[in-house]
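Only one structure is covered here, and it is reproduced in the block below.
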Amino acid sequence: MGLKLYNSLTRRKEDFEPLEEGKVGIYVCGPTVYGHAHLGHAKSYVSFDVLVRYLRYLGYNVTYVQNITDVGHLTDDADQGEDKIGEAAKKEKKHPMALAESYTCSYFDDMDKLNCLRPDISPRASGHIVEQIGLVKTLLEKGYAYEVQGSVYFDVSKFEDYGKLSGRNTDEMLAGARVEVSADKENPVDFALWKRAEPNHIMQWPSPWGMGFPGWHLECSVMSMKYLGKTIDIHGGGLENKFPHHECEIAQSEAANDAQFVRYWLHNNMVTVDSQKMGKSLNNFITLKQAFSGSHERLTRSYDPLAVRQLILNSHYRSPLDFSDAALFAGQSGYGRITETVKAIRKRVDAAAEGELDNEVADQLAQLKDKFEAAMDDDLNTSVALSVVFELVRLANKLLEDNSATSTTLEAVDDLFGALGGDVLGIVRDEYPQVSAADDARVDNVVKIVIGERSAAREQKDFARADELRKQLESCGIILEDKPDGTQWRWK
RNA sequence: GGCGGCGUAGCCAAGAGGCCUAAGGCGACGGUUUGCAAAACCGUUAUUCGCCGGUUCGAAUCCGGCCGCCGCCUCCA
């Protein structure tokens with residue numbers, strides 16, 4: 001078998017073989033930090049997180065680089081556009097770097113909640129101005145770029161392969177162009193490497209061409225080169241960045257280095273909300289913080305971050321994903337079922353009798369593991385991989401019901417949950433605190449008093465009273481479950 | 001206008017020529033269990049894969065047409 005990945009460059013699934021045996025360098029286009037992360041970010045970064053996790057599961061030594069864009073990303077093409085960070089900074093009356101810093105923290109916070117592993121390196125564009133100027137110089141020296149009044153543009157006509165990723169040719173692009181072309185450009189398809197800054201532009205740096213700031217595409221080339229080398233194994237990003245962003249990255253990098261830039265290009269698909277493109281004007285723009293707290297008019301409740309993650313993994317990364325309250329609700333229910341089973345298994349391990357591993361169970365576990373790996377090997381088919389976790393849930397619950405499994409057998413089940421559901425998919429946690437927050441601990445005490453009252457009523461066969469107490473708790477969002485070893489409670 | 005994708009049960013979603021009389025999840029319904037519930041387990045829920053034709057011994061899977069939806073081409077993950 002072996003891992004196969006769909007390479008956007010060749011439009012085929014290919015056997016994955018890193019440049020250097022056992023080591024993988026991955027670069028993923030990170031966020032432009034001018035606002036809170038939304039559901040689209042979640043799909044993208046969860047998808048690539050699973051890729052990184054699976055590569056590590058397979059034993060590769062992975063270096064994962066994901067940039068933070070804090071300068072140079074314009075709201076518009078050509079010279080008319082304003083820097084996104086700069087524009088947001090004006091609105092929030094903050095220094096651009098303060099704005100970028102706060103949304104960078106916000107982003108990491110959301111990604112942590114989604115159980116996305118932190119990249120090994122999160123380089124900031126603004127921290128690599130020197131390197132970016134260096135690349136522009138190289139391109140000028142090699143004749144791939146030209147300077148016009150303090151701005152430097154890449155001469156697309158000099159780079160033959162331009163369009164090889166997106167499958168476009170420059171003639172077609174001109175026909176469909178809807179944007180007014182900058183007068184500075186020799187050719188409308190040329191793109192900016194460095195831009196001259198007007199005096200009132202806050203984010204600007206000295207360069208051989210005067211005060212200015214880097215073009216957006218430049219940072220990814222420079223930072224992937226710096227940390228992963230001239231040729232990287234995998235470059236990931238959103239489908240919408242295939243053109244022009246990634247096409248321009250290829251052009252500048254390969255023109256400068258005379259070496260292939262990326263061996264495997266991976267693009268994840270977009271999200272919609274209630275079947276429509278997510279956009280602020282459509283009122284269906286949902287940030288992760290809103291999804292986690294339920295504070296959005298399209299949502300009926302709050303959703304566990306890992307339930308959001310599970311919903312994302314329920315479909316393929318190259319398929320579009322429609323977020324809706326119903327879909328999130330389904331994700332939440334399924335996630336809850338997995339979680340409850342894992343918790344129950346772990347609880348039972350301690351109580352179970354010691355003994356040998358059940359061979360029949362061991363066989364079933366091995367089969368599930370094989371099926372899981374085969375699915376993941378096939379261009380990360382997380383949908384099937386997730387179905388394997390649900391098969392494991394059913395197996396686990398049957399063992400719990402039989403109540404005859406040895407602790408060794410239960411540990412083997414838990415280990416597989418940890419490896420597949422935890423290490424790779426990131427939806428099973430190592431620890432589930434009994435009560436997660438200090439407030440819940442207080443609630444726990446109160447609920448236990450009520451449970452005590454109800455148990456007393458039940459012992460005296462006063463079921464009317466018992467049911468009344470249970471009903472009252474339910475109206476507070478608390479569900480009681482009478483288990484063989486006592487009554488438990490959980491949030492609805 | 002150019003380029004690309006999608007349409008599978010009430011909903012989400014795998015499958016990409018025979019293993020499909022189509023995974024898995026959610027929901028619903030019936031059963032076991034329970035004082036009753038909840039949870040769990042068992043079972044039922046698409047003879048059919050947008051529609052119409054074609055290729056083939058064989059098609060959800062390939063080809064053509066039609067209908068519907070979406071994305072990119074301008075910033076977006």
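Keep in mind that the numbers below use all heavy atoms, side chains included, and drop hydrogens, waters and symmetry copies. Chain letters run A, B, ... following the sequence lines, proteins first and then strands; every chain starts at 1.
Phe191(A) and Phe154(A) have parallel rings, their planes meeting at less than 30° on a 0 to 90° scale where 60° marks the start of perpendicular. The aromatic rings of Tyr103(A) and His36(A) stand perpendicular to each other, their planes meeting at an angle above 60°, with 30° marking the opposite boundary. In this pair, Phe372(A) and Tyr54(A) present their aromatic rings perpendicular. The plane angle is above 60°, beyond the 30 to 60° band.
For Lys13(A), the side-chain hydrogen bond (donor to acceptor under 3.5 Å, both in side chains) criterion is met by Asp378(A), not counting sequence neighbours. Qualifying salt bridge (Lys or Arg N to Asp or Glu O under 4.0 Å) partners for Asp49(A), counting only residues two or more places apart in sequence or in other chains: Arg53(A), Arg309(A).
Across the protein-nucleic acid pair, Phe285(A) atom CZ and A77(B) atom C1' stand 10 Å apart, rounded to whole Å. The CZ-C1' distance, from Phe243(A) to A77(B), rounds to 18 Å in whole Å. Taking atom CG of Leu239(A) as the reference point, atom P of C3(B) lies 17 Å away to the nearest angstrom. Here the C1' atom of nucleotide G24(B) and the CG atom of Leu368(A) are 13 Å apart, to the nearest Å. Between the NZ atom of Lys277(A) and the P atom of C70(B) there is a distance of 12 Å, rounded to whole Å. In this entry the distance linking NE2 of His245(A) with C1' of U74(B) reads 15 Å, nearest Å. Between Asn269(A) atom CG and G4(B) atom C1' the separation is 10 Å, expressed in whole Å. Rounded to an integer number of Å, the gap from CG of Leu425(A) to C1' of G24(B) is 13 Å.
The cationic atom of Arg301(A) (NZ for Lys, CZ for Arg) lies less than 6.0 Å from the six-membered ring centre of Tyr303(A) and within 45° of the ring axis. Taking the centre and axis of the six-membered ring of Phe390(A), the NZ or CZ atom of Arg337(A) falls outside the cone set by 45° and 6.0 Å.
Of the two residues contacting RNA chain B, namely Gln310(A) and Asn241(A), the nearest-nucleotide position lying further toward the 5' end is that of Gln310(A). Across the interface with RNA chain B, nearest-nucleotide mapping of His38(A) and Leu386(A) shows Leu386(A) to be the residue nearer the 5′ end.
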Inset, instruction - Would you give a per-nucleotide map of nucleotides 7-16 of chain B, 5' to 3', where B means the base has a protein non-hydrogen atom under 4.0 Å away, S means only the sugar-phosphate does, and - means neither? - result: -----BSSS-
Inset, instruction - Would you mind building the protein contact string for nucleotides 29-44 of chain B? One character per nucleotide, 5' to 3', B for base within reach (heavy atoms under 4.0 Å), S for sugar-phosphate only, - for untouched. - result: ------BBBBSBSS--
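Across all strands, Tyr45(A) comes closer than 4.0 Å only to sugar-phosphate atoms, never to a base (heavy-atom distances). Val271(A) comes within contact range of at least one nucleobase, with a heavy-atom separation under 4.0 Å. Counting non-hydrogen atoms under 4.0 angstrom, Gly40(A) reaches a base of the nucleic acid.
Remark: Glu391(A) engages Lys371(A) in a salt bridge, criterion side-chain N to carboxylate O under 4.0 Å.
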Inset, instruction - Any chance you could lay out the side chain to side chain contact (heavy atoms under 4.5 Å, CB included) test for Tyr317(A) and Thr382(A), step after step, and finish with the verdict? - result: CA-CA 8 Å; Tyr317(A) 75 93; Thr382(A) 54; over 6 Å; no
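Comparing the same atom, P, in A13(B) and in G71(B) gives a spacing of 15 Å after rounding to whole Å. Using atom C1' as the reference point in both U45(B) and C26(B), the two lie 13 Å apart (nearest Å). Taking atom C1' on both G68(B) and G50(B), the two are 7 Å apart, rounded to the nearest angstrom. Comparing the C1' positions of U55(B) and C62(B) gives an interatomic distance of 8 Å, to the nearest angstrom. The P atoms of G24(B) and U44(B) are separated by 11 Å, rounded to the nearest whole Å. The P atoms of A46(B) and A22(B) are separated by 10 Å, rounded to the nearest whole Å. Nucleotides A59(B) and U48(B), compared at atom C1', are 12 Å apart to the nearest Å. Across the C1' atoms, A9(B) and C19(B) are found 22 Å apart, a figure rounded to whole Å.
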Table please: side-chain donor-acceptor pairs of residues 464-474 of chain A below 3.5 Å, with sequence neighbours left out.
from: Glu468(A); atom 1: OE2; to: Gln472(A); atom 2: NE2; distance (Å): 3.3

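Within 6.0 Å of atom CD in Glu481(A), more than 12 heavy atoms from other residues, nucleotides or ligands are found, so the atom counts as buried in its surroundings. Remark: Phe329(A) CZ is loosely packed, at most 12 non-hydrogen atoms of other residues, nucleotides or ligands lying under 6.0 Å away.
The minimum heavy-atom distance between Gln132(A) and Val222(A), with the atom names listed, is CA-CG2, 3.7 Å.
The phosphate of G71(B) (OP1 or OP2) has no side-chain N or O of Lys242(A) nearer than 4.0 angstrom.
Taking a pair as Watson-Crick or G-U wobble with both distances under 3.5 Å, RNA chain B forms stems of 3 or more consecutive pairs at B:1-7 with B:67-73, B:10-12 with B:24-26, B:27-32 with B:40-45, B:50-54 with B:62-66.
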